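Treat the numbers as computed from the prediction; the structure is a model and nothing was measured. Just so you know, these numbers use all the heavy atoms, side chains as well, and skip hydrogens, waters and symmetry mates. By convention in this document, chain letters (A, B, ...) are assigned in the order of the sequence lines, proteins followed by strands, and residues within each chain are numbered from 1.
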Amino acid sequence: MVVKTVRGTSDILPSDVSTWQALELVSRNLLEAYDYREIRTPIFEQAGLFQKSVGECTDIVSKEMYIFSDKKGRELALRPEGTASIVRSFIEHNMHTQTLPVKLYYMGPFFRYERPQAGRTRQFHQIGAEAIGIEDVTLDAEIIDISMQIPSKMGIKNLKVMLNSIGCKECRSKYVKRLLGHLKNRIKKLCADCNRRYSTNPLRILDCKKSECIQNVKDGPTITENLCAKCRNKLETTEKHISSLGINYQIQPYLVRGLDYYTGVIFEIIHSQLGAQNVVAAGGRYDNLIEQMGGKPTPAVGFAAGIERMIMLLGDRSFQSNNSVYLAYLDFPMHEKVFELLSALRKNGIHTKTTYQEKTLKNQLKTAAKSNCRFSLILGTNELSKGTVILRDMKTSTQEEIKLDNAVAIIKKNIPLVSPEAKPSPFKVGIKADHFVDVNKMIKPGS
RNA sequence: GUGGGUGUAGCUCAGUUGGCAGAGCGCCAGAUUGUGGUUCUGGAAGUCGCGGGUUCGACUCCCGUCACUCACCCCA
């Protein structure tokens with residue numbers, strides 16, 4: 001048997017990578033504009049980090065984490081989510097001494113041992129951001145704004161924001177008592193899962209999909225109506241902020257979150273075309289987590305967006321650019337002059353294709369057309385003897401003979417560059433990439 | 001972890017009561033020896049997911065297994 005990818009993982013092939021890169025580029029530019037800086041934390045951490053932060057009772061930690069021991073017997077885990085590592089890093093590097101808030105973003109792979117399904121794989125990828133150190137609802141609104149804008153900028157439409165607050169420690173525990181009181185006599189009517197939740201995580205009963213549970217929850221108290229004055233005010237101010245940005249939202253009183261660390265305002269961005277896994281991005285406030293993890297009391301808010309889910313919503317849309325050149329030649333093996341031109345084009349940052357085996361001109365042009373080349377250069381014996389080259393515009397099917405020495409300069413003038421200098425560098429601050437790749441102008445091959 | 005559906009060419013899929021493995025797209029070559037997207041002709045390409053069983057004979061029936069997929073669960 002040949003070796004295949006393990007269950008729940010997949011190769012992202014070159015034909016799909018352009019979409020990933022476009023999404024990553026758009027996200028980076030957006031996050032940097034909002035003054036977030038990228039952080040890269042290890043893929044594996046001490047298992048205890050996630051047990052403490054995400055919560056020992058959550059399925060993520062109790063059933064779905066990839067845990068293993070290294071040769072010294074240390075218990076390690078592949079990271080199942082991003083916030084825990086960032087909080088660890090924030091504390092470990094004394095980031096509370098920096099100007100607050102500390103605003104960080106990340107993108108990369110995460111791992112959960114789940115049954116694969118539409119929009120759910122064992123290795124999956126998220127883009128996320130955290131604003132740590134300031135308890136201002138403006139940041140809550142900013143986080144919601146960003147998590148809406150990333151998919152929106154990629155051209156994903158019909159997104160809905162679901163908003164709620166699960167309150168602070170005080171009002172939530174009061175509410176949970178009221179909820180349990182309401183459900184006490186109805187517990188037999190709830191589904192088996194909710195019977196378990198009644199003792200482990202009662203808030204999760206609120207978002208059960210079973211009709212018998214919805215029935216019994218519906219006439220009970222909601223967390224939204226039972227917030228303390230402070231939490232209520234925060235939710236309302238967040239609403240005001242995102243309304244002013246023109247974001248359509250809906251208060252969803254039964255929206256809760258699965259991870260233990262959330263407090264206060266929480267949200268989900270959903271899309272109906274995703275099937276059961278309809279959450280594109282989600283997040284909220286976690287004002288107690290940093291203290292709980294051994295840091296100073298520090299408020300924070302963040303979000304994570306599922307890359308695969310956004311890619312699913314992008315469907316067949318292609319983000320491949322058509323700014324390449326095909327160098328066709330007729331005498332094999334490749335003449336020294338052809339090789340020099342090829343190298344000169346590439347050194348000038350021009351994406352250049354050619355053939356490395358004997359092919360007819362017809363075949364070479366066919367390849368050029370198929371791979372969506374903007375221009376072809378044709379360099380045969382005739383041209384070589386005259387010191388010229390034929391420049392063929394593949395869009396208009398017109399061509400002209402130009403001086404070989406001018407070829408690079410002429411093409412450079414007519415094609416957007418792809419040289420490393422032209423790309424936005426993650427190491428330089430403030431470079432705008434819009435002149436390099438405008439997603440809206442990217443061309444679908446064949447269109 | 002539970003339940004349903006599906007695995008046949010690179011891709012999308014046909015394949016009748018068990019009797020020689022098929023199509024479309026794609027790929028390669030040719031139809032003027034130096035010019036692409038159309039058309040025509042030809043060609044290559046398969047352990048019928050894998051392993052067992054029943055049978056003279058299995059892509060087809062039975063059992064197991066793996067994978068994909070949808071839903072539950074969980075969650076981005």
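Between the CD atom of Q277(A) and the C1' atom of U69(B) there is a distance of 13 Å, given to the nearest Å. We find that OH of Y261(A) is positioned 11 Å from P of C75(B), with the value rounded to whole Å. Atoms CD (E401(A)) and P (U35(B)) sit 15 Å apart, rounded to a whole Å. Distance L23(A) CG to A76(B) P: 18 Å, rounded to the nearest Å. What separates CZ of R79(A) from P of A76(B) is a distance of 15 Å, to the nearest Å. Nucleotide C73(B) holds its P atom 16 Å from the CZ atom of R112(A), rounded to whole Å. In this structure, CD1 of I270(A) is placed 16 Å from P of C75(B), rounded to the nearest angstrom.
Using a cutoff of 4.0 Å between basic side-chain nitrogens and carboxylate oxygens, K234(A) and E135(A) are scored as salt-bridged.
Counting non-hydrogen atoms under 4.0 angstrom, F110(A) reaches nothing in the nucleic acid. As judged by a 4.0 angstrom heavy-atom cut-off over every strand, E81(A) is placed among residues making no nucleic acid contact. I378(A) comes within 4.0 angstrom of a nucleotide base, judged by non-hydrogen atoms across all strands. Base engagement by M394(A) is indicated by at least one non-hydrogen atom pair under 4.0 Å involving a base atom.
Closest to the side chain of R204(A), from the set G37(B), C74(B), U35(B), is C74(B). Proximity note for L330(A) (side chain, C-beta onward) versus G1(B), G34(B), U35(B): the nearest is G34(B). Of the candidates G34(B), U35(B), A71(B), the closest approach to any side-chain atom of L365(A) belongs to U35(B).
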**Study point:** Per-nucleotide protein contact string for nucleotides 24-33 of chain B (B base, S sugar-phosphate only, - none; heavy atom under 4.0 Å)
**Key:** ---SSS----

Review point. Which parts of nucleotides 2-10 of chain B does protein reach within less than 4.0 Å, heavy atoms only, written one letter per nucleotide 5' to 3' as B for base, S for sugar-phosphate only and - for none?
Key: BB-------

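Note on ring orientation: taking the six-membered ring where Trp is involved, the planes of F124(A) and F110(A) are tilted (angle from 30° to 60°).
Residue R7(A) has a polar side-chain atom (N or O) positioned under 4.0 Å from OP1 or OP2 of C68(B). Close to A71(B), at under 4.0 Å from its OP1 or OP2, lies a side-chain N or O of Q117(A). Taking 4.0 angstrom as the limit, R392(A) places none of its side-chain polar atoms (N or O) nearer than this to OP1 or OP2 of G37(B). For the OP1/OP2 pair of A76(B) and a distance below 4.0 Å, the side-chain nitrogens and oxygens of R257(A) include at least one atom meeting the criterion.
Rounded to a whole angstrom, the distance from the C1' atom of C68(B) to that of G26(B) is 23 Å. Distance check on atom C1': G49(B) versus C59(B) gives 12 Å, rounded to whole Å. C74(B) and U2(B): their C1' atoms are spaced 13 Å apart (whole Å).
A donor atom on one side chain and an acceptor atom on the other are not found under 3.5 Å apart for S324(A) and N372(A). Side-chain polar atoms of T83(A) and Y261(A) form a donor-acceptor pair below 3.5 angstrom. When only modelled atom types and interatomic distance are considered, Y66(A) and Q123(A) share no side-chain donor-acceptor pair under 3.5 Å.
Residue-environment remark: OH (Y34(A)) exceeds the threshold of 12 foreign heavy atoms within 6.0 Å. Within a 6.0 Å radius of CD in E340(A), other residues, nucleotides and ligands contribute more than 12 heavy atoms.
Nucleotide U16(B): unpaired (no Watson-Crick or G-U wobble partner with both distances less than 3.5 Å).
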Exercise for review: For salt bridge (Lys or Arg N to Asp or Glu O under 4.0 Å), just list the numbers for E268(A) and R257(A), CA-CA rounded to whole Å, side-chain angles, deciding distance to a tenth of an Å, and then say yes or no.
Suggested key: CA-CA 9 Å; E268(A) 280 185 357; R257(A) 307 261 63 226; 2.7 Å; yes

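Not a single donor-acceptor pair, N or O on each side, falls under 3.5 Å between the base of G36(B) and the side chain of S376(A). Interface remark: the E114(A) side chain does not form any donor-acceptor pair with the G1(B) base, using a distance-only criterion of under 3.5 Å. The base of G34(B) is not paired with the side chain of T381(A) by any donor and acceptor separated by under 3.5 Å.
Separating the OG1 atom in T360(A) from the CG atom in L365(A) is a distance of 8.5 Å, to the nearest 0.5 Å.
Judged as a side chain to side chain contact (heavy atoms under 4.5 Å, CB included), and not counting sequence neighbours, the contacts of T396(A) are D393(A), T398(A).
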